[in-house]
Amino acid sequence: MPTLAVIAHYHPQGKVTIDLVNLMKHLHQNRVTIVFVSTCLSEISMSRIQRFGTVIRRDNFGYDFWSYKVGLESVDTRSFDRILFLNSSFVTTDPVLLCSDFLEAPNETGLRGISISHEFHPHVQ
C-alpha cells in the first residue's frame with residue numbers, strides 16, 4: 001500500500017532529534033515516501049536525514065499546517081493510498097510500535113490519529 005509521510009519540523013537551533021531520525025529510518029525501511037518540511041533546519045541535521053526522503057526548507061509562517069500543505073504540493077498525492085501527517089513535537093521511543101497500526105492495511109477507510117484533543121472542540125491530533 002503506497003504511503004506518504006509528511007513531517008512538519010521546527011527546532012530553534014535547527015536540530016533533528018535522534019528519535020525523529022529513528023522514526024524516519026523505520027518509515028523509510030518500510031517503503032514509506034517521506035517529505036520532511038522544516039522551518040528551521042541546520043546543515044548538519046539535513047545531512048543526517050536527507051537519505052530518507054525529500055527535505056524542504058521554508059520560511060517560518062503558517063505553523064505545521066502550512067508545512068503539510070507544502071509537503072502535499074510537492075508530490076502527486078494520487079500515487080498514494082494513505083497519507084500520514086506527523087510533526088516533530090513528540091518523542092518516539094519505539095517507532096515499530098508507533099507505526100504498527102499506520103503501516104498495516106486498514107480494515108476500513110477514514111481518519112485515524114494518535115490522540116484526541118478536547119481543547120475548544122474534539123479533534124484528532
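We number each residue from 1, following the sequence as shown. Only heavy atoms go into these numbers, but all of them, side chains included; no hydrogens, no water, no symmetry mates.
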Are [Y] and [X] connected into the same hydrophobic cluster when the rule is that any two of I, L, V, M, F, W, Y join if their side-chain heavy atoms are below 4.5 Å apart?
X   : Y   : value
V6  : M46 : no
F65 : F90 : no
L86 : L4  : no

Legend entry - Criterion side-chain contact (heavy atoms from CB on, under 4.5 Å) on V37 and Y68, from CA distance to verdict: CA-CA 8 Å; V37 184; Y68 299 144; over 6 Å; no
Legend entry - Residue I44 excluded, over 12 heavy atoms near CD1 under 6.0 Å: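 Open.
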Inset, instruction - Answer yes or no: are there more than 12 heavy-atom neighbours, outside Y63 itself, under 6.0 Å from its atom OH? - result: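 Counting other residues, nucleotides and ligands, OH of Y63 stays at 12 neighbours or fewer.
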Inset, instruction - Applying side-chain contact (heavy atoms from CB on, under 4.5 Å), run through T3 and N30 and close with a yes or a no. - result: CA-CA 9 Å; T3 302; N30 283 277; over 6 Å; no
Legend entry - side chain to side chain donor-acceptor pair (under 3.5 Å) against R58, all qualifying residues, sequence neighbours excluded: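 Checked R58 against side chain to side chain donor-acceptor pair (under 3.5 Å); matches are S67.
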Inset, instruction - Evaluate the criterion side-chain contact (heavy atoms from CB on, under 4.5 Å) for residue pair F52 and I7; output intermediate values, then yes/no. - result: CA-CA 12 Å; F52 301 123; I7 302 173; over 6 Å; no
Legend entry - Within residues 68-78 or reaching into it, pairs that qualify as salt bridge (Lys or Arg N to Asp or Glu O under 4.0 Å) - sequence neighbours excluded: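 Found K69-E73, D76-R78.
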Legend entry - Full working for side-chain contact (heavy atoms from CB on, under 4.5 Å) between S74 and I56: CA-CA 9 Å; S74 74; I56 299 171; 3.8 Å; yes
Sequence neighbours left out, what passes ring-ring contact (aromatic ring centres under 6.0 Å, His included) with [X]? Give chain and number order.
X    : value
H121 : H123
Y10  : none
F120 : none
F80  : none

Inset, instruction - To the nearest 0.5 angstrom, please state how far the CG atom of L84 sits from the CG atom of L27. - result: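 So the gap between those two atoms works out to 7.0 Å.
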Legend entry - Any side-chain heavy-atom pair of V75 and T54 under 4.5 Å: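 No, their side chains stay 4.5 Å or more apart.
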Legend entry - I34 side chain reached by I49 side chain, heavy atoms, under 4.5 Å: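 Heavy-atom side-chain distance check fails, nothing below 4.5 Å.
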For residues [X] and [Y], report the shortest heavy-atom separation together with the two atoms involved.
X   : Y   : value
H26 : P95 : CD2-O, 3.6 Å
P12 : C40 : O-SG, 3.6 Å
D19 : T92 : OD2-N, 3.0 Å
V21 : R48 : CG2-NH2, 3.6 Å
G71 : V35 : CA-CG1, 3.7 Å

Inset, instruction - Please confirm whether the backbone N or O of G14 pairs with a side-chain atom of S42, one donor and one acceptor, at under 3.5 Å? - result: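 Yes; at least one donor-acceptor contact below 3.5 Å.
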Legend entry - Any donor-acceptor N or O pair under 3.5 Å, side chains S88, H9: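 No, H9 and S88 have no side-chain donor paired with an acceptor closer than 3.5 Å.
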